[in-house]
Amino acid sequence: MSQLRFKVVEEAYDRKAIPVDIPSERPEQYYGKYVFNRAKMYQYLDKKTYDALVFAIDNKEPLSREVADNVAAGMKQWAIDNGARHYTHWFHPLTDGTAEKHDAFIEHDGKGGVVEEFSGKLLVQQEPDASSFPNGGIRNTFEARGYSAWDISSPAFILDKTLCIPTIFISYTGESLDYKTPLLRALNAVDKAATAVAQYFDPSVKHVQSFLGWEQEYFLVDEALFSARPDLVMTGRTLMGHESAKNQQLEDHYFGAIPSRVEAFMLDLEIECHKLGIPARTRHNEVAPNQFELAPIFEETNLANDHNLLLMSLMSEVARRHNFRVLLHEKPFAGINGSGKHNNWSLGTDTGVLLFAPGKTPQANLQFIAFVANVMAAVNKHNGLLKASIASATNAHRLGANEAPPAIISIFTGSQLAEIFDKLENSSKDELIAFGDKQGVSVGASQIPEILIDNTDRNRTSPFAFTGNRFEFRAVGSSANCASAMIALNAAVADQLALFKEKVDKRLANGEVLNHAILEEVKVLIKENKAIHFDGNGYSDEWKEEAARRGLDCETSVPKIFDAYLRPDSIEMFKRTNVFSDIELHARNEVKWEVYTKKVQIEARVLGDLAINHIIPVATRYQSFLVDNLVKIKTLFDENKSKAIVAQDLSTIEKISNHMRVIKECVEQMVDARRQANRIKSEREKAIAYHDNVVPRMETIRYHIDKLELMVDNEIWPLPKYRELLFIR
Ligand code: ADP
Ligand code: MG
């Protein structure tokens, strides 16, 4: 029985690092090799077409048909010169990951042969069948068409000899069926609202960009071991497995030396990233054994998000070359750290100012304080929605678990910013507010020294932290599409900034001086949004009680957390910012509930099968071995002598029996709970039923299997154990 386990352990153990094909050129030379960036555009397009395309990109304008045709011709030539044979519209449907449908460049030449052609029409728009993608009921059965349309702000690239064109994906009736469409809308909204506020300080500002620097955490598992775990193969996480004696308690993995097999993988991945224009920069071991991180230099949010999605598929591909499987699940192993995707986020003007970074002049600092206060207000007002934006069946195992951000959104500011806010709130003048010796701060109208924010002031327990010149949204899950969080955050901040502008304008109309008007409104924001500020230990139980008293959203059931999208204040906010219509919000929630149900359903099935087909038979075998042994002992010794031995063995046999009994009962109850849930029509109620009635049974089953793992003979245990999955590399 356990032969497979021992075979794969041996295979994994013997594995050596795979040599990496390192290019002879330096990264500077091959960076962006497979991206149709401005340098390639310049090379492959005539001057007029190039100028028209760049103008359209910079000014978010549509392309004329003629320009599109010329761009397509140039792009095709570049792609063919780089070995491409196919092209595809590459989009982000409401599933995990990306979608693509490849077409060869060929067209009939009218003489029985073919020519390689690519028209502007095919570049700009296509019609994939929308019915096979989640759409939450938007698509009527008689109108299956969906449109994918080129997002000119994200450059085309070549992946595996296919030209990939980043596109949005919408229904026939214009509703978004993807992540990119609402993300672009949210980025437009924040551009407009933040630009208007930034113009108080510098009228020459024309645009504000949103920046995203994600940090991708992941696990690596040897592919032989992975293949011997049906739960990892089917669900991406271990549904059972007792903690190994050693895991992360010695803290010897974090930032430790990177194992050579892993380092080869990382190098290979980085080279691929750089060729595709993904600015991968940082790599290190993470806290848990076999857990690692990759972070790029931050980029404009839409591009950064495309790059993250591309990275996730690259990772899986490159990992396989090195006989690894990459696990992007938020919680592949119980009892040790899960994986997140910290979203470092900031806003910056086209004049080069980062709006969450303190400046050198009083004006710059007033601007800094105003933007930070508005972010705090937006996050406070929409804390439930932001939680919903990162909630999923898989991230649920990480949120609220002990070592991860709790299922409550709060903001960590650090002591310096907190002090500034306190003083500001209590000062009656617009004048100078000076601080300690290290940092002088003033936000008034006078001559003030600069603010020096110490960004080493870190609190790892906060789900949303200010880190010197940006905010770090840490609650995002490692397998998530960052767009979900970025849509909610940028839209909420855009809406808040628009409101702020309205209020300041009213004061100006009443004859108030600009700085005074801004400062007064900032004070109001500070006073009204204190609830969201928390610098203490976010993992403590006291915080949960305190957060509830403050009125923060403390819901922990994922299907109910999704309700936040449909609350009137969320619907209004998304409407005002033009990010989602009512129909879109309702449809997307249907999809969220459905996906939740399906994920739990699949896990429950896999767990049930493993329990009944893998675990119970092995436990039965071991039990009958003990029974045989017992009988033999009895025949060998007289009753007096055998008494103690028999009592002990009997107790073990009884314990095994009990665990098996509970497992069998619970599997039956779980199947029954599923059956009942499946009859429910409403997607929301069905998801709630899965959450309330299926998940708890899965936990009980797992508990008893893990107990058996410690009792049953190691020789016959069928599944690779945690100590093997996590320590062999
Ligand atoms: P840590 O793990 O210490 O938080 P890392 O160096 O791993 O930090 O990652 C920090 C991430 O934040 C990087 O992706 C970096 O590019 C990004 N970042 C830095 N400054 C900004 C900014 N102003 N806006 C958005 N992202 C930023
Ligand atoms: Mg990091």
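Both counts, for ligands and for their atoms, begin at 1 and track the order of listing. Counting from 1, the numbers follow the sequence of the chain as shown.
Which parts of ligand 1 touch Asn344 is read off a 4.0 Å heavy-atom cut-off, strictly below it: atoms 10 (C), 11 (C), 12 (O), 17 (C), 25 (C), 26 (N), 27 (C). Close contacts between ligand 1 and Ile297 involve ligand atoms 16 (O) [criterion: under 4.0 Å to a heavy atom]. Set against the non-hydrogen atoms of Leu354, the atoms of ligand 1 under 4.0 Å away are 23 (N).
Checked by distance only, ligand 1 and Phe298 come closer than 3.5 Å through their nitrogen or oxygen atoms.
Heavy-atom contacts from other residues, nucleotides or ligands closer than 6.0 Å to CZ of Arg576 number more than 12.
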Exercise. Can you check side chain to side chain donor-acceptor pair (under 3.5 Å) on Trp90 and Asp306, steps first, answer last?
Worked result: CA-CA 10 Å; Trp90 181 82; Asp306 279 357; over 6 Å; no
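Comparing Ala465, Ala304, Ser346 against atom 22 (C) of ligand 1, the shortest heavy-atom distance belongs to Ser346. Atom 15 (C) of ligand 1 has its nearest heavy-atom neighbour, among Gly348, Ala280, Pro296, in Pro296.
Phe464 has its ring centre less than 6.0 Å from the ring centre of Phe473.
Both tests hold for Arg261 against Phe324: distance to the six-membered ring centre under 6.0 Å, angle to the ring axis within 45°.
Contact annotation for Glu472 and ligand 1: only side-chain heavy atoms (C-beta onward) come within less than 4.0 Å of the ligand. Only the side chain of Glu293 comes within contact range of ligand 1, with a heavy atom under 4.0 Å; no backbone atom does.
Side-chain contact, His342 with Glu472: a donor N or O sits under 3.5 Å from an acceptor N or O. Side-chain contact, Tyr722 with Thr238: a donor N or O sits under 3.5 Å from an acceptor N or O.
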